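When reading the values below, keep in mind they use all heavy atoms of this one structure, side chains included, and skip hydrogens, waters and symmetry mates. This structure is a prediction, so every number in the text was calculated from the model and none was measured. Letters A, B, ... mirror the listed sequences (proteins, then strands); counts begin at 1.
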Amino acid sequence: MAYNFTAIEKKWQRYWLENKTFAALDPAEAGGMSKAYVLDMFPYPSGSGLHVGHPEGYTATDIISRYLRMKGVNVLHPMGWDAFGLPAEQYAIKTNTHPRQTTERNIGNFRRQIQMLGLSYDWDREVDTTDPDYYRWTQWIFLQLFNSYFDPVDQKARPIKHLLQELMNENLVVAPDGSVVLNPTQEGMESIAGEMRIERLWRELPADEQRDVIDAQRLAYMDEIPVNWCPGLGTVLSNEEVIDGKSEVGGFAVERRPMRQWMLRITAYADRLLADLNLLEWPESLKEMQRNWIGKSVGAEVDFEMDGDEDLAVSVFTTRPDTLYGATYMVLAPEHPLVDRITPADRREAVESYRRMIAARSDRERMADGKQKTGVFTGAHAVNPVNGEKIPVYIADYVLMGYGTGAIMAVPAHDERDFDFARANNLPIRPVVKPADGSTPPADRAFVGEGIAIHSDVINGLPTAQAKEKIIAVLDGEGTAHRSVNYKLRDWLFSRQRYWGEPFPILLDKEGRAVAIDESELPLRLPEMDDFKPTGTPEPPLSKAADWLNVQRDGQTYTRETNTMPQWAGSCWYYLRYIDPHNKDRFVDPDKERYWMPVDLYVGGVEHAVLHLLYARFWHKVLFDLGHVSSNEPFARLVNQGLILGETEYHVFESASGSPVSAAEARNIGEENTGSGIQLVAYRKNGDEKLIGRRLDEAEVEKVADGYVLRDNPAIRVDVRSFKMSKSRGNVVNPDQIVGDYGADCFRLYEMYMGPLEAQKPWNTRDIVGMSRFLNAAWRNLVGDDEPAGSAVRIVDSAIPDDLNRQMHRTIRKVGEDIAALRFNTAIAELIKLNNDMGKLTAVPRELAENFTLLLAPFAPHIAEELWQRLGHHKSLARRPWPTFDESKLAESTMELPVQVNGKLRDRISVPADADEQTILAAAAKSEKVQPWLAGKTLRKQLYVPGKLVNFVV
RNA sequence: GCCGAGGUGGCGAAAUUGGCAGACGCGCCGGUCUUAGGAGCCGGUGGAGAAAUCCGUAGGGGUUCGAGUCCCCUCCUCGGCACCA
């Protein structure tokens, strides 16, 4: 009879909640216990509920947490809700319910689903980013950003007060562009300072300008810049939220338009965010994604004077200053501000029409064009500072305004893009670098590698690295170039024109300048509104909250900032709040923070690589600089769980007429939403004919040598693959269903047994039964078939047979090692093996039964607790000592050794474990199966690898 | 195109330092109990072969007594980036 998992699981889930079994101890109570902070990426509680992908990571961290508790470690293992955000609000609008209601309902459903899996969270530490007691501190951290600036000398954030002081005591001065620079007179530059002095002292500035200067230095600042405006969502989006020119949420079109927005100065931290990746135990691929996103490139900015306008120079950014002599033209981004100034009257028409053409094209169309490079001559010429040569200036959309200086020197001989453009416009191509190995580079494309400088005057003969150094030094001396570093990373666009987010703790005066509200006024609550819909314009919904909007302070009228923070704000620091979730005075108590941080293990999906994980690291570093946290990085070790795909599907391609086409004949296989759901589509090789995939039943296909074919038409190859689970594809597996049918313990085991945690793997419901059989067999082994309630009839107080004792110790070792290394699949395999062996006994010795139960507990906690109780214990096993293994019990008295002849296996011999090499070789040579292979041959060598094998070479 | 990860039975996967390829689970085959089996139990299961034996870790080459594992080349799959100067 199968064990009653439903009753058992309910019973123990209630027990754990009522007894607060998994409460983490505060440092004061923990004594000498070591700590472990084991964290899951908290979910966005969507309306569709938990997905089978969520419990994969949650179960992994749960196993670790339960294991560590049994090892006597103080474990912090919390869960919460990232509950602000677009989907809840979109849903609220669609159904005309307040997002607060839908969010509460979704959280309730998520909590129920997560608790039904028996995960050992400390529920007293649950956080919800939409709770005013939580977002009060999100707003507080925003004020920290607002009241700080980045000190470029020390490379760290400091309070804005410090900046003010430095300006007032004239260590810093204000440059013409409003930026803050070191006072040259403080730098031993008095001699030239007199004539160069264009910077101004703080006290010389009018009050308004003083405020502008300070505001421009803040880590949270307002700026009017071109942003990603998404009319479909009625909000702007950050670069990270735009994928292929469309919104990541909903897939709506995004357009560039200038808007005044809150920005966070993450670029100031680019270097530290990049360098500190080396301190982290994270997957290499994920670190690489962050490196790519930060996109550091080291080079030089070089000034090119404009021919005929001595006052005007255009600065270009290049990573290859060693190729300056090969620059045969210059290109500005079409929207570059100097274009109007340099374009002579007779070229205006051509330039303007090109710009109009570019503006009408979407990013998509631009990208689709690939190597087709367009552009027009401006009519102006620039002077190359290395040789005085006059080169034509073009505008072309392959140069981006947003990167570097928005202008390049074009070296077609050594840059692919410049090469393509030069070819298309008949511009000269002049090689100035030759390969170091003396080979001749192909003439039909650019040679982009490093080499030796040629035709380059002062740097002739130098290898690339040295040539770069020297040319920068020479030009720097002439004042026409300087070393420069550029990043792809942009400042973080931090405003959203939506209702369901944290309000900014900011007031705007009549001139639109920002004033922070006092910390004592936090939290600044979202106003209750019946109409929270987007306005259809960039004006945020909060502007409709008339009572809330206007504020009187000191006789002045202010309006509140009506933008809200983006979804990522709350998740930037939630791991800190878990440490001290009910603190009314601080966002986290410093002693507790020091005890628990950094997070020892963080598990979540790779989709957060450049959003959450980069933003959170940035906030953490700011908090660190300001002395609010003790750690430089928040997440010491991070693991990405692999995606769980839907069940494997078989498709045959069919032409429009319905006749089958072999998958071998298909190209560009992809998915398309055809209105009747998502379909697999492809095109016929050597043609444009569109093919549609038709889903097949497993029985209709057959495996052949190197693939699958139609059973009744083996000439037709079949497409076999697993798809990402999605509602529109209809292949989503619901955890409620699985837990109902098989129980939570079985579900947990199956998810962990599918394969390595990090691997992407297809779901296969049919396989679950294996884990169900395992649990039922374990139950039968210990409890028996028709047990009286509460008993464990198959337990005896006798010694464990030798071979089983050895197996038990082996299992204790293997399971412990595997859990520590997150190899849950092989740990479970070992438990199954031990259980299979126990099944051969007529009764199970108590020690074996108890150890097995404890080893099983992290994986299948409900059945383990029940078995533990039936074994006569009255308290939960959650903090029982983890079994220990005895090295001496692992040793066998005899060992079986393979015997090879010329590396091929011929026999296995059994010898005493302590036999010496001579004895073993002699025994091996005598083996009947080995003899024929040695007969008549000369024995050239005999090898004995201790404990491993014997090999004869003949 | 560039970067990263990977390719092992019908399927999911194992395999410390190079040392018995396929642990464990699914499926499948045979047996058993049963009024019944989509339950349980026992046995088998990489391919070919009656067997001896041979062949087998994407393909090709190499190093080695010995290669899934190390080196070189090629192919394929997945993920990321993609005019970033």
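Remark: the A:N951 side chain and the B:rC65 base include a donor-acceptor N/O pair separated by less than 3.5 Å.
Atom CD1 in A:I644 sits about 17 Å away from atom C1' in B:rC78, given to the nearest Å. One interatomic measurement links the two molecules: CD1 of A:I828 to C1' of B:rG12, which rounds to 13 Å at whole-angstrom precision. Straight-line distance from the CG atom of A:L286 to the P atom of B:rC81: 12 Å, rounded to whole Å. Separating the CZ atom of A:R717 from the P atom of B:rC76 is a distance of 14 Å, rounded to the nearest angstrom. The CZ atom of A:F723 sits 11 Å away from the P atom of B:rC78 (whole-angstrom rounding). As rounded to whole Å, 14 Å separates atom P of B:rA5 from atom CE of A:M289. Atom pair A:H608:NE2 and B:rG80:P shows a separation of 14 Å (rounding to whole Å applied). Whole-Å rounding puts the A:F419 CZ to B:rG1 C1' distance at 16 Å.
Comparing B:rA85, B:rC24, B:rC65 by their closest approach to the side chain of A:L400 singles out B:rA85. The side chain of A:A829 lies closest to B:rC24 when the candidates are B:rC41, B:rG25, B:rC24. For A:E288, the side-chain atoms get nearest to B:rC3 when compared with the rest of B:rC24, B:rA85, B:rC3. For A:D415, taking side-chain heavy atoms from C-beta onward, the closest of the listed nucleotides B:rA85, B:rA21, B:rC81 is B:rA85.
Phosphate proximity of B:rC11 to A:K703: present, with a side-chain N or O under 4.0 Å from OP1 or OP2. Checking the phosphate oxygens (OP1, OP2) of B:rC11, a side-chain nitrogen or oxygen of A:Y708 falls inside 4.0 Å. A:N292 has no side-chain polar atom (N or O) that falls below the 4.0 Å cut-off from OP1 or OP2 of B:rC3. Checking the phosphate oxygens (OP1, OP2) of B:rA85, a side-chain nitrogen or oxygen of A:Y403 falls inside 4.0 Å. For A:R773 and B:rC26, the shortest distance from a side-chain N or O to OP1 or OP2 is below 4.0 Å. A:S297 has a side-chain polar atom (N or O) that falls below the 4.0 Å cut-off from OP1 or OP2 of B:rA85.
Ring orientation note: the planes of A:F824 and A:F859 are nearly perpendicular, at an angle over 60° on the 30°/60° scale. Using the six-membered ring where Trp is involved, A:F317 and A:Y403 have ring planes that are perpendicular, over 60° apart on the 30 and 60° scheme.
Summary of the strand contacts: A:G839 and A:R766 both lie near RNA chain B, and taking for each the nucleotide with the nearest heavy atom, the more 5' one is attributed to A:R766. Nearest-nucleotide mapping onto RNA chain B: of A:N836 and A:N764, the residue sitting toward the 5' end is A:N764.
The partner of B:rA85 cannot be assigned: no Watson-Crick or G-U wobble pair with both contacts below 3.5 Å exists in any strand. In this entry B:rU57 has no Watson-Crick or G-U wobble partner, no candidate having both defining distances under 3.5 Å. Remark: B:rU69 base-pairs with no nucleotide in the shown strands. Criterion, Watson-Crick or G-U wobble with two distances under 3.5 Å. The base-pairing partner of B:rA52, taking Watson-Crick or G-U wobble contacts with both distances under 3.5 Å, does not exist among the strands shown. B:rC75: Watson-Crick or G-U partner is B:rG7, with both key distances under 3.5 Å. Across all strands shown, B:rA23 forms no Watson-Crick or G-U wobble pair with both distances under 3.5 Å. Nucleotide B:rG40 forms a pair with B:rU32, judged by Watson-Crick or G-U wobble geometry with both contacts under 3.5 Å.
Partner A:V950 forms a side-chain contact (heavy atoms from CB on, under 4.5 Å) with one of A:V945, A:L921, A:L943 and no other, that one being A:L921.
Salt-bridge check for A:R823 with A:E817: failed, with every basic side-chain N at 4.0 Å or more from each acidic carboxylate O. The residues A:E671 and A:R729 are annotated as salt-bridged, a charged nitrogen and a carboxylate oxygen being separated by less than 4.0 angstrom. The residues A:E56 and A:K761 are annotated as salt-bridged, a charged nitrogen and a carboxylate oxygen being separated by less than 4.0 angstrom.
At a threshold of 4.0 angstrom between heavy atoms, the contacts of A:Q760 are confined to the sugar-phosphate backbone, with no base atom among them. Across all strands shown, A:N825 has heavy atoms under 4.0 Å from sugar-phosphate atoms exclusively, and none from any base. No engagement by A:V316 is indicated, since no non-hydrogen atom pair under 4.0 Å with the nucleic acid exists.
Under the 3.5 Å distance criterion, the side-chain polar atoms of A:N425 are matched with a main-chain donor or acceptor of A:F421.
Spacing between B:rG6 and B:rC54 at atom C1', rounded to whole Å, works out to 31 Å. Between B:rA58 and B:rU53, the two C1' atoms lie 27 Å apart (nearest whole Å). Separating the P atom of B:rA21 from that of B:rU57 is a span of 12 Å, rounded to the nearest Å. B:rC76 sits 44 Å from B:rG37 when the C1' atoms are compared, rounded to a whole Å.
Base orientation of B:rG9: syn, the glycosidic angle falling within 90° of 0.
The nearest pair of heavy atoms linking A:V331 to A:I395 is CG1-C, 4.1 Å.
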